[in-house]
Every structure is written in structure tokens, then in C-alpha cells.
Amino acid sequence: MHFKKTSLLGLYILEPSPLSDERGFFARTFCKREFESQGLKSEFVQCNISYNHKEGTLRGLHYQQSPHEETKIVTCRRGRIYDVIVDIRPRSPTLGKWIGIELSADNLQGVYIPEGFAHGFQTLTNDAEVSYLMGNYFNAEAATGIRYDDPHLNISWPNPKMIISQKDRNLPLFNL
């Protein structure tokens, strides 16, 4: 597995190293020792799946407030998504900056998102399935987010035809 650094400190793109033959391939997507050797959190307490019927579905930008912050490993197991991660760490030099990456069942990439980031995605295909390894338990009282169309963030979502929950439409703007 390769850990590719990004412009946001602590955030990594994960690139498995598939072993292929005439049957298909095998790839490791998580190894506690490999994550620990990179100085990354390696204890996860939940695994979640998000299934999305329609292309253009947008979920996020979500995070949990202190002391319930979450580390996440996000992968796309079916279809394709545009994954967006926003740095919301108050003392970070990249506070308010974001990156977007296409995750898909074909490219096998994942993203390691440490505590202190908001996360969301938009589906690029119908029937997209997203998997999350979570470093903390979900806490409904700590769950919050940032509006997907926050003008300070100016995120370039790829599909203007968006399917968004009312809850996500009502999230607050980012308070820099």
C-alpha cells in the first residue's frame, strides 16, 4: 500500500498495490502495521456503508464536534464519487482549504481523513456505494457539518444536478 501525502497535513490518499493474475486481483486496503509505520491512527470501531441510488447525490459536509471527532478511511466500493475533505482545524495553516478526489471501484483508491476535517461526497454514477472505517463511535449530539455551497470554501462540485437532503441544505456556513 502506498500513502500519498496531500496539501492538507495529515490527509493521505491510499493506493493499494493489487496482485493480479488471470483470476482477477488481490489487494490489501488496510494493515494496522502499515498505518502505524506512517504514524497514522490504526484503531477503528465502526464500519459504515452509504448506498446512493442516483448520480448527483451529495452528502455532507459532515463532522463530529469535540470530544467525538472521527478519523475515517473512505473508499468507494461500487460506482464513482467525488470525495471532498475540508480542513476545519482552528490552528491549521490550511484552515478552510479543501481537496477533492475521485474515488471509484476501478481505481481502488481510498482516503485517510484524520480528526479535524469535514467530509462529503457527490456521486458520479448511479448505484454508488461508499465504505467508511470510523475511528470513533457516532454521537448524534456531536454530529454537525458545513453547507455544501459555502461561499468561503467555493467547492467545485462536478454535477450541478444535485440531490441533497434537507438536513444537509440547512447546515451552517463555515465560520472562519
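We use all heavy atoms of the structure for the numbers below, so side chains are in, but hydrogens, waters and symmetry mates are not. Position 1 is the first residue of the sequence; numbering continues from there.
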Hey, mind stepping through Lys32 and Phe30 against side-chain contact (heavy atoms from CB on, under 4.5 Å) and telling me if it holds? CA-CA 7 Å; Lys32 181 179 175 76; Phe30 176 78; 4.3 Å; yes
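- For the atom pair CG (Leu171) and OG (Ser165), the distance works out to 7.5 Å, reported to the nearest 0.5 Å.
- Summarising the hydrophobic clusters (Ile, Leu, Val, Met, Phe, Trp, Tyr; side-chain heavy atoms under 4.5 Å, direct or chained), the residues clustered with Leu108 are Phe25.
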Quick one, Thr144 with Tyr63, criterion side-chain contact (heavy atoms from CB on, under 4.5 Å). Give me CA distance, side-chain angles, the key distance, then yes/no. CA-CA 6 Å; Thr144 188; Tyr63 66 95; 3.4 Å; yes
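- Other residues, nucleotides and ligands contribute over 12 non-hydrogen atoms within 6.0 Å of the OH atom of Tyr51.
- Among residues two or more places apart in sequence or in another chain, the salt bridge (charged side-chain N to carboxylate O under 4.0 Å, His left out) test is passed with Arg28 by Glu34.
- Legend: residues meeting salt bridge (charged side-chain N to carboxylate O under 4.0 Å, His left out) with Lys54, ordered by chain and number and at least two apart, are absent.
- Taken from SG in Cys47 to CD1 in Ile73, the straight-line distance is 10.0 Å, to the nearest 0.5 Å.
- Hydrophobic clustering of Ile, Leu, Val, Met, Phe, Trp and Tyr side chains at less than 4.5 Å, counting indirect connections, unites Ile155 with Leu95.
- The distance from the OG1 atom of Thr71 to the CZ atom of Phe117 is 10.0 Å, given to the nearest 0.5 Å.
- Every side chain to side chain donor-acceptor pair (under 3.5 Å) that Arg59 has, sequence neighbours left out, goes to Ser50, Asn52.
- By the salt bridge (charged side-chain N to carboxylate O under 4.0 Å, His left out) test, Asp106 pairs with no residue at all, sequence neighbours left out.
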Without placing hydrogens or testing angles, list every side-chain donor-acceptor pair under 3.5 Å for residues 7-19, not counting sequence neighbours.
from	atom 1	to	atom 2	distance (Å)
Glu15	OE2	Gln109	NE2	2.9
Ser17	OG	His2	NE2	3.4

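- Rounded to the nearest 0.5 Å, atoms CZ (Arg33) and CD (Gln38) are 14.5 Å apart.
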**Message:** Please determine whether side-chain contact (heavy atoms from CB on, under 4.5 Å) holds for the pair Val74 and Ile113, giving the CA-CA distance in whole Å, both sets of side-chain angles, and the decisive distance to 0.1 Å.
**Reply:** CA-CA 8 Å; Val74 178; Ile113 307 169; 3.8 Å; yes
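- With sequence neighbours left out, the side chain to side chain donor-acceptor pair (under 3.5 Å) criterion links Asp168 to His62.
- Expressed to the nearest 0.5 Å, how far OG1 of Thr57 lies from CE of Met162 amounts to 11.0 Å.
- Residues forming a side chain to side chain donor-acceptor pair (under 3.5 Å) with Asp21 (at least two apart in sequence, or on another chain): Arg23.
- Applying the salt bridge (Lys or Arg N to Asp or Glu O under 4.0 Å) rule to pairs touching residues 125-145 yields Arg78-Glu129, sequence neighbours excluded.
- Gln64 meets the side chain to side chain donor-acceptor pair (under 3.5 Å) test with no other residue; sequence neighbours excluded.
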message: Does Ile146 form a side-chain contact (heavy atoms from CB on, under 4.5 Å) with Ile88? I'd like the steps, not just the answer.
response: CA-CA 10 Å; Ile146 302 165; Ile88 59 171; 3.6 Å; yes
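- Atom CZ of Arg89 and atom NZ of Lys97 lie 13.5 Å apart (nearest 0.5 Å).
- Checked by atom type and distance alone, the side chain of Trp98 pairs as donor or acceptor with a backbone atom of Leu153 at under 3.5 Å.
- Taking Phe3 as the reference, Phe35 meet the ring pair (Phe, Tyr, Trp, His ring centres under 6.0 Å) condition, with sequence neighbours excluded.
- Within the structure, side-chain hydrogen bond (donor to acceptor under 3.5 Å, both in side chains) contacts touching residues 112-125 (residues at least two apart or in different chains) are Asp83-His119.
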